[in-house]
Amino acid sequence: MHTCELIARAIPEEKRPALPCEPHDGVCCVTGERGRCLPRSTLILQSLTDLALFKAPSSPDVGVDVWTSWRYGWTTPGKKKDMRPEANQCWLVNAAGFQIVARRAIREIVLNGSPASPWAMWVTTAYKKHGSLRARVNYEPRGIVAFDELIIDTSAPNVGEWWTIMTAAQKAGVRRTLQEDCSCPAGLMRKIGFSTWMKFEAWAKPKQQTPLYRLLCYLLPSREEMSCKKE
């Protein structure tokens, strides 16, 4: 199953965008699968830069599921462009529906898995790319999460271990920006404690550029969350 199909299935009938014309049989340029299609020109412009991710880039057709998942959205007051959650938001799609998710919900899925399968999740900081081209459909509670251009297997056994180490370091004063950069000004190092920082740096430095480490940095609790926990 392609992620676009999963999204299209999850959109309630009354919220599905109306098709611009009658579908015909064809090969979808995005998924490479034969089925109900629309003219490619009804959805995809020449300015799209993700053609390398298309399965049949030369096809003149686009599948109805892709059209529906990409065109689904709503108008937001004061915004020049309509909201298209598939490309403009972080989202989770599973049997419970297609929903926008914030950092806490993303964290829960990464650490504990989806409560329903099949599922797919897209986490973005750029809000520009088509998440359905990158997110993969999972059939187990824990699986692949797409994070911008990165693909992370959250079923790996080291996810929980790394998270425990990183959150403990954060509580010790090694805030998110320090963990992202793996560098610490001398003044902050004295405040945190030289041995505490050096121990964390030695652990984190070899992992700094890995997709999992970068995702977990993004998911670290905010100052507001940590303040609420203290209260």
Side chain proximity check, [X] to [Y], heavy atoms < 4.5 angstrom:
{"X": "L219", "Y": "R103", "answer": "yes"}
{"X": "H2", "Y": "K55", "answer": "no"}
{"X": "I109", "Y": "P115", "answer": "yes"}
{"X": "L178", "Y": "L188", "answer": "yes"}
{"X": "L43", "Y": "L38", "answer": "no"}
{"X": "Q170", "Y": "P221", "answer": "yes"}
{"X": "P20", "Y": "W67", "answer": "yes"}
{"X": "R71", "Y": "T42", "answer": "no"}

- Task: Specify whether W70 and H130 have parallel, tilted or perpendicular ring planes, treating 30° as the upper limit for parallel and 60° as the lower limit for perpendicular.
- Result: parallel
If we ignore hydrogens and angles and just use 3.5 Å, is the side chain of [X] paired with the main-chain N or O of [Y] as donor and acceptor?
{"X": "N138", "Y": "I144", "value": "yes"}
{"X": "E201", "Y": "S183", "value": "no"}
{"X": "E86", "Y": "S132", "value": "yes"}
{"X": "T3", "Y": "A135", "value": "yes"}
{"X": "Q208", "Y": "E180", "value": "yes"}
{"X": "W74", "Y": "R84", "value": "no"}
{"X": "R134", "Y": "E149", "value": "no"}
{"X": "R9", "Y": "D65", "value": "no"}

Quick check on the hydrophobic clustering: are [X] and [Y] connected, directly or via other members, by side-chain heavy-atom contacts under 4.5 Å?
{"X": "V174", "Y": "L212", "result": "yes"}
{"X": "I151", "Y": "V137", "result": "no"}
{"X": "V123", "Y": "L220", "result": "yes"}
{"X": "Y218", "Y": "M121", "result": "yes"}
{"X": "Y139", "Y": "L6", "result": "yes"}

- Step by step, work out the side-chain contact (heavy atoms from CB on, under 4.5 Å) result for R176 and Q179. CA-CA 5 Å; R176 180 191 290 132; Q179 296 199 32; 5.7 Å; no
- So, R104 and E108, do they make that salt bridge, N to O below 4.0 Å? no
Do you know the tightest heavy-atom contact between [X] and [Y]?
{"X": "T154", "Y": "G143", "result": "OG1-O, 2.5 Å"}
{"X": "A116", "Y": "A95", "result": "CB-CB, 4.1 Å"}
{"X": "L216", "Y": "W163", "result": "O-CZ3, 3.6 Å"}
{"X": "S69", "Y": "I7", "result": "CB-CG2, 3.6 Å"}
{"X": "R142", "Y": "V110", "result": "NH2-O, 3.8 Å"}
{"X": "A169", "Y": "F200", "result": "CB-CD1, 3.5 Å"}

Is the count of non-hydrogen atoms from other residues, nucleotides or ligands lying under 6.0 Å from [X] atom [atom1] greater than 12?
{"X": "K205", "atom1": "NZ", "value": "yes"}
{"X": "R16", "atom1": "CZ", "value": "yes"}
{"X": "Q99", "atom1": "CD", "value": "yes"}
{"X": "E14", "atom1": "CD", "value": "yes"}
{"X": "K207", "atom1": "NZ", "value": "yes"}

- Query: So I11 and T68, side-chain contact (heavy atoms from CB on, under 4.5 Å) or not? Walk me through it.
  - Reply: CA-CA 9 Å; I11 299 171; T68 300; 4.1 Å; yes
Supply the atom-to-atom distance [X] [atom1] to [Y] [atom2], rounded to the nearest 0.5 angstrom.
{"X": "C182", "Y": "Y213", "atom1": "SG", "atom2": "OH", "result": "4.0 Å"}
{"X": "W119", "Y": "R136", "atom1": "CH2", "atom2": "CZ", "result": "12.0 Å"}
{"X": "K128", "Y": "D50", "atom1": "NZ", "atom2": "CG", "result": "12.5 Å"}
{"X": "E225", "Y": "S222", "atom1": "CD", "atom2": "OG", "result": "4.0 Å"}
{"X": "W122", "Y": "F147", "atom1": "CH2", "atom2": "CZ", "result": "9.5 Å"}
{"X": "F194", "Y": "K199", "atom1": "CZ", "atom2": "NZ", "result": "14.5 Å"}

- Task: Assess whether side-chain contact (heavy atoms from CB on, under 4.5 Å) is satisfied between M166 and W203, documenting all intermediate values.
- Result: CA-CA 10 Å; M166 294 168 77; W203 175 84; 3.8 Å; yes
- Task: Go through C184 and I192 one step at a time and tell me if the side-chain contact (heavy atoms from CB on, under 4.5 Å) criterion holds.
- Result: CA-CA 10 Å; C184 185; I192 295 168; 4.0 Å; yes
- Looking at T49, T124, D148, which hits side chain to side chain donor-acceptor pair (under 3.5 Å) with K129? T49
